[in-house]
Amino acid sequence: MEIRLVAGAGFCFGVKRAVDIVYEQIQTGKTIYTYGPIVNNEEVVKELTDQGVRVIESRRELERLADRDSPAARREATVIIRAHGVPREVQQYMEQKGWEVIDTTCPFVKRIHRTVEEKSSRGEHILVVGSPEHPEIQGIVGWCNGPVDVLETLEEAEKYVPPEGKKLVVVAQTTFNYNKFQTIVEILKKKGYNVSIVNTICNATEDRQRETREVAANADAMIVIGGKHSSNATKLYEICREVCDNTYFIQTLDDLHLELPKSARLVGITAGASTPNKLIEEVQNYVRINF
Ligand code: F3S
């Protein structure tokens, strides 16, 4: 039986860069905080917290920390902004309070921040396509200098009416499903609005989604490895389910209860952007040895 690993499975460039920076910062011996978990993967986060890295879970917790620690203690501590980015106001707050701030916002997300900042300053209306609760989207919204809307579904796109007389600038969450984004764009264009589209979907995501679909279409079983809270891993799971009924979504090897028909010839493996290589190799070895 053949096992096929999707070529772009696992850590993308931005996540790898952010995680590497955290490991570098641990070496400084300073108190290290990350604002939110550095990646959407509990295993990776646990490995870092075991080495002393602390996770600030919310804006309120950040404020409590600012009240609790003296200015001198804050100067001795570092807050790392993760690859998703944060709203401008949050970053400014950290800097004002005197922490050393290390920004590992992925350059592709940073590009969106700059785009929306610049275009909204010119009076253009920003529409972000993505999940409103996702930290990346909250970060993007927080870099707009004016009104901004967020929508996620085709139904919302059908109902959407932008403010009259304004040029509409559409950007997307970097991990948004490429085909769905195209459909939303078509819906908006058909309405005849003055729309400027900036395709901000990251190639890493697009490539991983396309390769995943190709492998899943031929696989007897498909294993998707990723954090439960990872939106890009969830999207990979949805893509696989469309073409392969026998799809498993697992966080670690312990979650895998693989059942294969006798006739099975191909098992495909893919993984979200926050899944470390070590975990992918474990799953690959498990399937190789047991089936
Ligand atoms: Fe960056 Fe793309 Fe990863 S935007 S964080 S390289 S998925």
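Ligands are counted one by one from 1 in listed order, and the atoms in each one are counted from 1 as well. Hydrogens, waters and symmetry mates are skipped; everything else that's a heavy atom, side chains included, is used.
Closest to atom 6 (S) of ligand 1 among all protein heavy atoms lies G14 N, 3.4 Å. The closest protein non-hydrogen atom to atom 3 (Fe) of ligand 1 is C12 SG, 2.2 Å. Nearest non-hydrogen protein atom to atom 2 (Fe) of ligand 1 is C202 SG, 2.3 Å.
The pair E100-K30 counts as a salt bridge, with a side-chain nitrogen and a carboxylate oxygen less than 4.0 angstrom apart. The pair D207-R210 meets the salt-bridge criterion, with a side-chain N (NZ, NE, NH1 or NH2) lying under 4.0 Å from an Asp/Glu carboxylate O.
In this model, a donor atom of one side chain and an acceptor atom of the other lie less than 3.5 Å apart for E136 and T174. There is a side-chain donor-acceptor pair under 3.5 Å between Y23 and E47.
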Going through the checks in order, is the side chain to side chain contact (heavy atoms under 4.5 Å, CB included) test met by R213 and N179?
CA-CA 12 Å; R213 187 185 296 277; N179 293 336; 3.9 Å; yes
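Listed by number with element, the atoms of ligand 1 under 4.0 Å from a non-hydrogen atom of T205 are 7 (S). Ligand-side atoms of ligand 1 in range of T174: 4 (S), range being under 4.0 angstrom from any heavy atom.
When distances to atom 2 (Fe) of ligand 1 are checked against a cut-off of 2.8 Å, C106 contributes no N, O or S atom below that limit.
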